[in-house]
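Here the structure is laid out as structure tokens; the discussion comes afterwards.
Below, chain A is the first sequence line, B the second, and so on; all start at residue 1.
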There are 4 protein chains.
Amino acid sequence: MIKDKEFMRERIILAAMRVFSKYGFFKAPVHLIAEEASVSKGLVFWYFRSKRELIIEVAKRSLPLEIIDSCLESGLSGEKILECIGKGYMEKYRDPVQRSLLLHTMALETLYEEIAKEMNSLCEEKLDEAAEKVFGESSVRGKVALRAFFGGLMCYILRRPKDINEKVFLKNLISIIMAGYENKTAS
Amino acid sequence: MIKDKEFMRERIILAAMRVFSKYGFFKAPVHLIAEEASVSKGLVFWYFRSKRELIIEVAKRSLPLEIIDSCLESGLSGEKILECIGKGYMEKYRDPVQRSLLLHTMALETLYEEIAKEMNSLCEEKLDEAAEKVFGESSVRGKVALRAFFGGLMCYILRRPKDINEKVFLKNLISIIMAGYENKTAS
Amino acid sequence: MIKDKEFMRERIILAAMRVFSKYGFFKAPVHLIAEEASVSKGLVFWYFRSKRELIIEVAKRSLPLEIIDSCLESGLSGEKILECIGKGYMEKYRDPVQRSLLLHTMALETLYEEIAKEMNSLCEEKLDEAAEKVFGESSVRGKVALRAFFGGLMCYILRRPKDINEKVFLKNLISIIMAGYENKTAS
Amino acid sequence: MIKDKEFMRERIILAAMRVFSKYGFFKAPVHLIAEEASVSKGLVFWYFRSKRELIIEVAKRSLPLEIIDSCLESGLSGEKILECIGKGYMEKYRDPVQRSLLLHTMALETLYEEIAKEMNSLCEEKLDEAAEKVFGESSVRGKVALRAFFGGLMCYILRRPKDINEKVFLKNLISIIMAGYENKTAS
DNA sequence: CATGAATGAGCCTTCATTCAT
DNA sequence: AATGAATGAAGGCTCATTCAT
């Protein structure tokens, strides 16, 4: 059945995510992934032409592209967009596996063209598009503000401080970004 | 002479930085580093007990710890600290080698205890200390603001947008952070 | 139908011949043969117990045994036999697939007992039998002459010189062998 | 010392010849060669970039190119050349290792460009050159005769008949070729 | 200090073969 | 008969590390 095939593929990907997040893409041998998925090593190569292909599949999934896309296309505007993105991030990267993978994936950019493209789109087009939608205009200040927003989120995700919970962090971050953007006199 | 010894060690480290930045820590074979430094492979292991040791040395250098330290100990206060840090970042990571290394080093955190500690200190203590010095008080909002600041810098460094130069970005970022922090009513 | 069964078996063998001639017996994966025959990999193993069995089947077919047999049993005598064999060779090995296979099969002799036997019979008994029938007596000189004949054919087949066509080559070869055998004084 | 390096390289080549002659180029794993040479597997790859490189080195050595070259350049003429080549062949391929390797190398022609070239030169230029030198003129008949000579040698080498020793075979073969060539009336 | 030959563990990948469907 | 998913055993090759010189 087609279902079976997709199911097995998915099973391998999920196992790979766990293993890659623990050892990094290049220190994780394929046989560990096979074991984690409880399949033979050969089967991994039945579903993925090469380790590289598996890495790229996992890496793409670890990026927040679809979060941003869905928030941008949701019809929301203003700081609601930031809320949407913020919540999406928090949810996705609450999982330590995803958090660790994100770090490893960011480093891949130097090595894999496919990942570099994905990150380009994420960090330039999407980000500028978001800036426009959030602030209702395209401006340097907006772009900077959005970078501060994204960066702030990233910072929180990568090193979650024990004394600030998700909601509080997000509320403050959005407030800082929105207020900071408005108050142009301060610049 | 002792000088010679230090000189050679330094030469190997610099070669390693170039090679690691290009291939990543784990895909860069030691013999490439030796070639880049124009020394024999054996010599690399005379100066560094293992590849791991060399990786850690290079990784530590790629972090912005000493920038932050020097700014915190400079006696500056308020947004002058942000300026100091911002300029330091821009300067250090203008070099694509450093930029690429930073990405790879961040991913190391999962694997090397030494790097994890360094990043812990950087992302928690130093950051909170900075927040206090910048805003003159210890508050959640301050910590969030500083994360937005750092994150914004990181964002800019990793993907330098063509249409925003360093100075403009920094001025806007600092202004947004400072203004956003002040204007608590917006939250 | 039985016909179908034989037909499919034949189809796989023909595909195997093409693939083996291109890649050699050991560098040709079974899945390529299956693809060439437009059947599934599993089916190849339904018709042949193992790859080895398929190799031997193909290898045997690439030898000129049945050519020699039919000429020896044809009732011909003297140089007519050489003509018969010569024409048979030319016809069979005009096909580059057969020519390439012959080379690969000859190398198999070291590895597969079955092929070694076949080649033994070919290169000793059959050859000596031919010598006797051609020259009307069993003599060392006759055996040598027939080896020169066979070897000459082989030489022509493996590297067909552009400036000598099949007929001319064969006429000259037979003439040389027959005349050389007769003229014992020259020895 | 340079001597040591060449010595070790040679040692590996000789081991490879023995192993390849027994298992064929593609069924002989590198680790067997290493064992045969009493070195580590890694060392084989220190001296030869790849297995392919080692194969080609061994294959080239198994061809009779230098025998033919030295006979053609020896200043000999007429059937003396055939004697020279014949003796060279007998000597070289008396060794079963060389004999087996020759078979395997001939099959390589289909796969490796380098070997194809070598065999081209051997079977076309060299052979035609020899024909001219032996018979004092360039003619189709001469070329055919020389192919019969070479082929006869090959035949003998590959399957040495027990009842014909080297000397007798060679004497008869040369006599047949020379007499057969002369006696044009027979054609 | 410096070199580079030598080692051996381990990795990615291929592929013959089996088997449930 | 026929398919193709699944297995596992090798195989080629890389590379960190050691060591004699």
Side-chain angles (χ1 to χ4, degrees), chain A residues 1 4-5 7-9 12 26-34 37-55, chain B residues 1 4-5 8-9 26-35 37-55, chain C residues 1 4-5 8-9 12 26-35 37-55, chain D residues 1-2 4-5 7-9 12 26-34 37-55:
Chain A
M1 280 181 283
D4 281 0
K5 224 181 146 176
F7 170 74
M8 186 60 90
R9 195 183 145 87
I12 292 171
F26 301 119
K27 303 229 10 164
V30 173
H31 78 86
L32 278 191
I33 295 169
S38 300
V39 297
S40 69
K41 201 164 30 136
L43 199 63
V44 175
F45 287 94
W46 175 264
Y47 285 94
F48 299 89
R49 226 182 302 275
S50 64
K51 187 184 176 187
R52 181 197 162 95
E53 204 174 82
L54 179 53
I55 288 178
Chain B
M1 281 183 285
D4 282 359
K5 213 174 153 177
M8 186 61 90
R9 194 183 147 87
F26 301 117
K27 299 212 48 156
V30 173
H31 76 87
L32 275 193
I33 294 169
E35 273 166 36
S38 301
V39 299
S40 71
K41 209 178 4 154
L43 199 62
V44 175
F45 284 91
W46 197 90
Y47 283 96
F48 299 89
R49 214 183 309 277
S50 65
K51 186 185 177 186
R52 181 198 161 94
E53 206 173 80
L54 179 53
I55 288 178
Chain C
M1 283 182 284
D4 283 359
K5 212 174 157 178
M8 187 60 90
R9 195 183 146 87
I12 291 171
F26 302 117
K27 300 212 47 157
V30 173
H31 77 86
L32 275 192
I33 295 169
E35 275 166 35
S38 302
V39 298
S40 71
K41 208 176 9 153
L43 199 62
V44 175
F45 284 90
W46 197 88
Y47 282 96
F48 300 88
R49 214 183 309 275
S50 65
K51 186 186 176 184
R52 180 196 162 93
E53 205 173 80
L54 179 53
I55 288 178
Chain D
M1 279 183 284
I2 292 177
D4 281 1
K5 223 181 147 177
F7 170 76
M8 186 61 90
R9 195 184 146 87
I12 292 171
F26 301 118
K27 300 226 15 161
V30 173
H31 78 86
L32 277 191
I33 295 170
S38 301
V39 298
S40 68
K41 203 170 21 146
L43 199 62
V44 175
F45 288 94
W46 175 262
Y47 284 95
F48 299 89
R49 228 182 301 277
S50 63
K51 187 185 177 186
R52 180 196 162 97
E53 206 174 81
L54 179 53
I55 288 178

Measure from CG on A/Leu43 to P on F/dA9 and round the result to the nearest Å. 16 Å
By nearest-heavy-atom nucleotide on DNA chain F, the more 5' of A/Val39 and B/Gly42 is A/Val39
Side chain of C/Tyr47 only, heavy atoms from C-beta on: which candidate in F/dG8, E/dA2, F/dA2 is closest? F/dA2
Does any pair with a residue in residues 39-51 of chain A pass salt bridge (Lys or Arg N to Asp or Glu O under 4.0 Å), and if so which ones, sequence neighbours excluded? A/Arg49-A/Glu53
CZ/A/Phe45 to OG/A/Ser40 distance, rounded to the nearest 0.5 angstrom? 10.5 Å
Checking F/dA1, E/dA6, E/dG4 against the side chain of C/Trp46 (C-beta onward), the nearest is F/dA1
Rounded to whole angstrom units, what separation is found between the CZ atom of B/Phe48 and the P atom of F/dC15? 20 Å
Validation row: D/Val44, D/His31 side chains within 4.5 angstrom (heavy atoms): no
If pairing means Watson-Crick or G-U wobble with both distances under 3.5 Å, then the partner of E/dA6 is F/dT17
Rounded distance (Å) that lies between atom P of F/dC15 and atom CG of B/Leu54: 16 Å
For the side chain of A/Met8, starting at C-beta, report the closest nucleotide among F/dA2, F/dA6, E/dA2. F/dA6
Specify the separation, in whole Å, of atom NZ of D/Lys5 and atom P of E/dG4. 9 Å
Rounded to the nearest Å, what distance is computed from the CZ atom of residue D/Arg49 to the C1' atom of nucleotide F/dC15? 17 Å
Could you tell me how far apart C/Arg9 (CZ) and F/dA1 (P) are, to the nearest whole angstrom? 13 Å
Rounded to whole Å, the CD-P distance (D/Glu53 to F/dC13) equals 10 Å
Could you please name the partner base of F/dA1, counting Watson-Crick and G-U wobble pairs only when both distances are under 3.5 Å? none
Nearest-0.5 Å distance, CG of residue A/Asp4 to CZ of residue A/Phe7: 8.0 Å
Might you point out which heavy atoms bring D/Ile12 and D/Val39 nearest each other, and give the distance in Å? CG1-CG2, 4.4 Å
Which protein N or O atoms sit under 3.5 Å from an N or O of nucleotides 10-12 of chain F?
{"unit_1": "F/dA10", "atom_1": "N6", "unit_2": "A/Lys41", "atom_2": "NZ", "d": "3.3"}
{"unit_1": "F/dG12", "atom_1": "OP1", "unit_2": "D/Lys51", "atom_2": "NZ", "d": "2.6"}
{"unit_1": "F/dG12", "atom_1": "OP2", "unit_2": "D/Val30", "atom_2": "N", "d": "2.9"}

When both hydrogen-bonding distances must be under 3.5 Å and the geometry is Watson-Crick or G-U wobble, what is E/dT14 paired with, if anything? F/dA9
Closest heavy-atom contact between D/Lys5 and D/Tyr47? O-CE2, 3.6 Å
Want to settle it: does B/Ser38 or C/Arg52 sit nearer the 5' end of DNA chain E, counting the closest nucleotide to each? B/Ser38
A/Leu54 versus A/Ile33: any side-chain heavy-atom pair under 4.5 Å? yes
